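Residue numbering restarts at 1 for every chain, and letters A, B, ... go by the order of the sequence lines. Computed over heavy atoms, backbone and side chain alike; hydrogens, waters and symmetry mates excluded. Remember, predicted model here, so these are calculated numbers, not experimental data.
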Amino acid sequence: MILSRREALVLALGSVAAAAIPMAALASVDDAVAAFTGGAAVTDGAGVTLTAPEIAENGNTVPVSVDAPGASAILILAAGNPTPAVATFNFGELAGAHMASTRIRLSKTQDVVAIAKLADGTFVRTSSEVKVTIGGCGG
Amino acid sequence: MANDVKPRVKVPKSAKAGEAVVLKTLISHPMESGQRKDKDGALIPRSIINRFTCDFNGKNVIDVTLEPAISTNPYIEFEAMIGEAGEFKFTWYDDDGSVYEDSKPIEFA
């Protein structure tokens, strides 16, 4: 199929618009991550566990728990919320297992991200998608 | 500002060596996110608990930074590893400057 110049323009504009919308939210997530890590690299995978429900009927109270053995701090972000930061857990010298549970608000279906600062100073991240039936940010 | 703020804390009666104790805390607080609007369309100003700490005999167990995305009546569950009897001290810091405190003793066997 050969695109006319007009069709090609429409397609290009469409893809730019589609890309721009999530970019705005992602940028603030990146800011929050950078503020937490100080610009250090974040690797995916082992070292941090995020437990969140697959489907949350009520976005006002979504139970989540994070667990990262030996971590000194864990940051939780909700990428689709108006303000992505959710909570930062800083573990002190008497912390037992480096885990914590809380209840959070999610405005819509989105990824919840947990980033842990491990004992050796490296950062690992994990994320989990939560489907939200009723958003939790009010009017 | 926030009325009827009541902290509730669940701490086991005693702890054993080498075993972590699970602490559960809840504080009644509206955690107004600053995103909601009242019926006239005006934004309701943010009013949340922005920090929670737990110490045991003066040593820090956990220090949590809370954001508006934490639910009403913030619930936090975590674990502590202690080596002696003593007292857990829980502190919540409100946006309006109020500080709410609670403490619970624990035995060590």
Side-chain angles (χ1 to χ4, degrees), chain A residues 28-29 32 35-36 51-52 56 58-108 110 112-113 117 130 132 135-139, chain B residues 12 15-16 18-27 30-44 46 48-84 86 88-89 106:
Chain A
S28 51
V29 170
F36 180 66
T51 311
N58 181 357
N60 264 314
T61 54
V62 183
V64 295
S65 70
V66 287
D67 183 1
S72 61
I74 303 179
L75 170 74
I76 302 181
L77 297 170
N81 273 6
T83 50
V86 174
T88 313
F89 298 97
N90 298 295
F91 298 103
E93 56 182 312
L94 290 181
H98 292 83
M99 62 77 66
S101 304
T102 187
R103 294 174 189 150
I104 68 174
R105 290 179 177 136
L106 296 174
S107 64
K108 58 184 182 192
Q110 59 181 277
V112 178
V113 180
K117 182 182 188 183
V130 180
V132 177
C137 284
Chain B
K16 284 187 185 134
E19 268 181 33
V21 289
V22 178
L23 309 170
K24 297 177 178 177
T25 71
L26 184 94
I27 185 164
M31 294 292 276
E32 194 57 64
S33 68
Q35 301 278 347
R36 297 200 310 152
K37 292 180 174 145
D38 63 19
K39 58 179 185 289
D40 303 323
L43 272 183
I44 305 172
R46 176 183 132 153
I48 67 166
I49 287 174
N50 56 44
R51 185 168 172 231
F52 164 76
T53 62
C54 173
D55 294 280
F56 179 75
N57 290 354
K59 288 179 185 161
N60 182 246
V61 176
I62 197 167
D63 184 339
V64 186
T65 308
L66 302 143
E67 307 283 350
I70 296 290
S71 300
T72 304
N73 302 340
Y75 164 83
I76 301 170
E77 180 186 332
F78 55 97
E79 295 183 7
M81 187 77 85
I82 56 173
E84 56 186 340
F88 282 107
K89 190 159 172 272
I106 187 166

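Heavy-atom distances place the side chain of B/L26, and not its backbone, under 4.5 Å from chain A. Proximity to chain A (any heavy atom under 4.5 Å) is shown, for B/T53, by neither the backbone nor the side chain. Of the two parts of B/I62, the backbone and the side chain both hold a non-hydrogen atom closer than 4.5 Å to a non-hydrogen atom of chain A. Of the two parts of B/A20, only the side chain, counted from C-beta on, holds a non-hydrogen atom closer than 4.5 Å to a non-hydrogen atom of chain A.
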Please step through side-chain contact (heavy atoms from CB on, under 4.5 Å) for the pair B/E79 and B/L23, ending with a clear verdict.
-> CA-CA 6 Å; B/E79 295 183 7; B/L23 309 170; over 6 Å; no
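For residues 61-71 of chain A, heavy-atom neighbours of chain B at less than 4.5 Å comprise A/T61, A/V62, sorted by residue number.
For the 3.5 Å distance criterion, the side chains of B/T72 and A/R105 qualify, holding a donor opposite an acceptor. Judged by distance alone, the side chains of A/N81 and A/Q110 do bring a donor and an acceptor atom under 3.5 Å apart.
For B/N50, the side-chain hydrogen bond (donor to acceptor under 3.5 Å, both in side chains) criterion is met by B/D95, not counting sequence neighbours.
Panel note: side chain A/T102, backbone B/Y75; a donor-acceptor pair is recorded below 3.5 Å.
Between chain A and the residues B/P68, B/C54, B/A69, the most heavy-atom pairs under 4.5 angstrom are made by B/A69. Of all the listed residues (A/A87, A/S101, A/A78), the one sharing the greatest number of non-hydrogen pairs under 4.5 Å with chain B is A/S101.
Residues A/F89 and B/D63 are not in side-chain contact: their nearest non-hydrogen atoms beyond the backbone lie 4.5 Å or more apart.
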